[in-house]
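Let me begin by presenting the structure, written as structure tokens, before commenting on it.
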Amino acid sequence: MDVFAKIKHFFVAGEQEVTTVKEPEKNEHPSLEHTIRQFENSMDFIHRTYPQSHVDVIYLAYLIGNDQLLQEIIRPFTDANEEEVKTVLSRSQYVVVVDSKECINGILNGKAAVFFRGSTYLVDISKPVGRSVEQSETETVISGPHDGFVENIGQNLGVLRQRLKSAHLKFVKLEVGEVAKNVVVVAYIEGLANQEIVDELIRRIQLIEYDAVTDTNMLIQFIDENPNSIFPQFMTTERPDGIVSKLIAGRVAGFVDGSPSGFTCPTDFFDFFSSPDDYYQRWLIGTALRVLRFIGFLITISFTAFYVSVTTYHYEMIPHTMLLNLTESRAKVPFPPLLEALLMETTIELLREAGARLPTKVGQTIGIVGGIVIGQAAVQAGFTSNILIIAVATSAIASFVIPSYIMSASIRLIRFGLILMAGILGNLGLLMAIGMVVIHLAGVTNMGTSYLTPLAPINFKDMLDTYIRGPFWALRSRPTITRTSNKKINKMRK
Amino acid sequence: MNINKRLLMMMTAVILLLTGCTDQHIIERAGFVRTIAYDLSGEGENTKLRVTVSIPKSNHEDAIVYSTMAESGKKAKMIFNRHNNRRLVNGQLRQVVFGERLARRGVWSNMDTLTRDPSIGSRLHIIVSESDPHHILIRNDYPQGPTAGEYIDTLIRTEAKAGEIPDTSLYTFTRDYYDDGIDPVATILKEEKESLSVDGIALFKNDQYVGKIEAEDRMFFALLHHGVRAGDLNVSIQSERDLEEQATLEYLSSKRKIKVLSTRGIREGRPIQVALRIKLSGSLLEYIGELDMKKPSDQRKLEAELEQTINRKCQKLIDHMQEKKSDPMGIGQYVRNSIPHSVWKQLKWEEVFSKADISVHVDVKIRDYGKMLH
């Protein structure tokens with residue numbers, strides 16, 4: 001679709017929205033009656049009046065903090081005469097608003113609107129809604145910082161500022177969602193990030209047409225180039241140190257208010273296999289961990305499929321002693337290997353999904369029960385062969401080695417396709433399926449860069465920090481994927 | 001987008017078209033032939049083959065053995081298939097055993113079937129049996145291993161690993177069979193009361209079993225035929241100290257070099273001159289004799305004596321091979337490389353080989369003589 005048509009469509013749609021909801025025209029002076037009309041029928045809407053001083057205060061009950069309310073509203077206005085109110089309102093935290101829309105937005109953001117003698121003031125009495133900084137549960141590391149992002153964007157940006165004390169770090173605030181008006185912040189380091197990428201990202205976020213965008217992982221699906229691809233195309237993380245290292249490399253980050261994760265771009269496929277932990281270990285250990293993850297990836301997508309193809313077609317490939325055991329175990333199973341494998345894979349996916357949905361304590365019980373049922377009983381009952389149990393369990397475990405949960409979920413789904421192809425055409429089918437995945441990966445782009453960088457297009461320098469985690473003395477340049485103008489590390493040319 | 005669509009259509013077509021012609025071998029529905037034995041069923045020109053197959057059961061202990069007379073191996077397989085409840089497949093074939101009578105007549109017609117079948121791996125062991133191969137397979141009371149197939153497999157493997165016998169796989173056999181200037185060899189097995197034993201090495205001329213290297217000479221043959229990695233060599237030395245002394249070199253490793261010294265007058269039938277240099281070193285872990293191994297001079301002396309004895313043994317083996325006109329050492333290859341191809345093509349190599357003047361030079365080094373106890 002033509003970009004301009006899209007933009008135009010966006011604005012037209014926006015205007016229609018304005019006319020249908022009975023919102024005031026812009027630049028209309030805020031009035032008490034109008035504001036009350038906007039919020040009526042909502043139980044959290046509070047309207048306080050101070051008759052002796054003709055002050056009306058409007059705020060939303062659950063957005064404000066009691067201390068702030070006491071200090072900014074109740075103490076100054078209770079038993080105050082008009083003169084005293086005048087001096088109070090001249091203080092700097094009381095901001096005059098002349099736009100009724102701005103007034104309503106302010107109330108929605110946890111401010112109190114003070115109506116006094118025809119003029120309106122906004123004062124911030126909001127209390128941050130959300131939890132304190134905790135460890136990220138989806139991305140844990142053993143060594144290194146343990147804090148994760150929280151749902152409050154202000155807190156997240158604060159954490160980022162604390163870690164990256166640079167005046168070049170810029171935040172751009174955007175609004176997304178016709179109804180919910182979620183705040184999205186794009187962060188980048190001026191001079192390091194490629195301005196074209198920043199502009200393009202902002203443009204794409206502005207083009208989003210949706211009622212509410214409640215999470216970063218949701219946002220990135222609106223702005224990626226291949227919406228039908230199975231792979232996530234923007235790296236998301238809940239770890240501030242992860243975002244900081246990406247920003248310093250010249251990437252652009254983004255946050256959605258209300259979401260504990262941020263995203264970075266441009267992203268390549270191999271980004272999803274690196275964890276901040278790699279950099280806190282000695283480089284050889286970090287390298288070994290990365291290689292292990294790639295092995296895990298291969299095992300996840302192909303181990304069960306390989307079992308199916310070998311037991312169905314390529315008995316020659318099995319070592320003789322193992323073959324006899326396998327035959328004995330398979331002889332009790334009434335299903336062909338393909339069906340057997342699909343059954344087991346589905347079972348383990350059920351188990352995983354149940355574990356994810358249930359409260360932690362019940363989840364553990366499910367794990368134990370499932371483990372016993374799948375591990376022992378299924379084999380004894382002649383439901384599956386024991387080698388398949390090993391294959392399925394290994395590939396399930398291997399899938400959790402991948403640090404990004406979103407990527408690991410994608411890979412687990414691909415596995416089913418591979419198993420199917422292996423069951424139909426054996427190793428030929430397996431290779432065809434892997435070939436198709438690779439072809440697809442090579443076609444995916446993210447912010448204009450190839451998803452398979454630095455493999456295709458090949459770049460040996462970048463490989464030092466992709467397939468292995470090179471020693472810090474060797475990592476002298478920022479990745480080319482970011483298209484940064486400051487290629488050398490530790491030098492910032494402005 | 002367009003390419004994706006085309007690819008998708010192609011994939012769908014391939015999947016739909018190929019599902020009809022799968023060759024599924026779901027493992028529990030297949031019977032894996034582990035060992036196959038060929039022998040002649042009787043005397044005479046038109047006698048049939050006697051084919052025996054051994055299929056191990058999944059309990060690791062028993063094997064199903066079928067035996068029949070047939071014109072060819074594949075025909076026999078069809079007969080066996082009529083008996084067996086699982087389809088017989090060749091993909092797990094590990095050994096082929098040829099009876100001595102068949103081996104003397106020529107094994108290639110059967111070998112050809114094996115090399116053609118793509119499911120048969122090239123690491124299949126080629127074995128010549130002096131006893132009835134059918135009986136070797138049908139026995140399952142070997143204390144060393146539950147089934148004959150597994151027993152033979154492990155036996156050959158361990159022997160070949162140390163380099164004491166040549167690794168006679170389907171690959172090496174066919175390679176040497178087709179190659180110019182070298183003849184294949186195979187391991188000879190013999191049935192004993194309680195076990196099977198490696199009874200030597202079969203020398204082939206083309207595909208015919210013509211001669212035998214005795215089991216006690218197999219290490220010397222190994223020195224001539226290829227390099228040894230970690231073998232044991234026992235040598236009885238006839239020393240001038242009028243006693244027969246015994247020396248055993250263990251963890252022996254050797255290297256063999258062949259040099260063609262002279263090919264002059266090869267067309268006129270003059271014998272060619274070839275030098276074989278064998279370098280070997282090992283730990284002297286057994287020495288029953290009078291020399292004092294602590295003295296370096298005595299060590300040198302023993303080394304020289306060992307060299308002489310090994311030299312004599314090797315020379316004898318070479319004479320035997322020349323007599324049988326079988327050249328498993330591949331001397332012909334070296335000769336071929338040192339003369340013009342046109343000359344080689346006119347040459348009758350087996351005749352030239354049988355008359356060739358092959359000298360052996362052995363260089364023994366005693367690496368150490370074991371733990372020092374005193």
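Predicted model, so just to flag it, every value in this text is computed and none were measured. Just so we're on the same page: letters track the sequence lines, and every chain starts at 1. No hydrogens, no waters, no symmetry mates; every other heavy atom, side chains included, goes into these values.
- Your options are A:I439, A:I318, A:V310, A:V333, and the one with the most heavy-atom pairs under 4.5 Å with chain B is A:I318.
- For B:R123, the CZ atom sits in a loose shell: 12 or fewer heavy atoms of surrounding residues, nucleotides or ligands are nearer than 6.0 Å.
- Between B:R86 and A:T327 the shortest side-chain heavy-atom distance falls below 4.5 Å.
- Heavy atoms closer than 4.5 Å to chain A are found nowhere in B:D153, neither backbone nor side chain.
- With rounding to the nearest 0.5 Å, the separation of CE in A:M432 from CG in B:L7 is 8.5 Å.
- No side-chain heavy atom of A:S385 sits under 4.5 Å from any side-chain heavy atom of B:E28.
- In the displayed structure, B:Y171 atom OH is contacted under 6.0 Å by at most 12 heavy atoms of other residues, nucleotides or ligands.
- Residue A:S329 does not touch chain B at all, counting heavy-atom pairs closer than 4.5 Å.
- Residue A:K332 places its NZ atom among 12 or fewer non-hydrogen atoms of other residues, nucleotides or ligands, all under 6.0 Å distant.
- A heavy-atom distance below 4.5 Å is not found between the side chains of B:I26 and A:Y315.
- Within 6.0 Å of CD in A:E196 there are 12 or fewer heavy atoms belonging to other residues, nucleotides or ligands.
- Proximity of A:L323 to B:I27: side-chain heavy atoms (C-beta onward) are separated by under 4.5 Å at one or more points.
- Annotation: A:F222, atom CZ; neighbour count of heavy atoms from other residues, nucleotides and ligands within 6.0 Å is above 12.
- Side-chain contact check for B:R94 and A:H320: no donor-acceptor pair (N or O, by modelled atom type) lies under 3.5 Å.
- Residue-environment remark: CZ (B:R87) stays at or below the threshold of 12 foreign heavy atoms within 6.0 Å.
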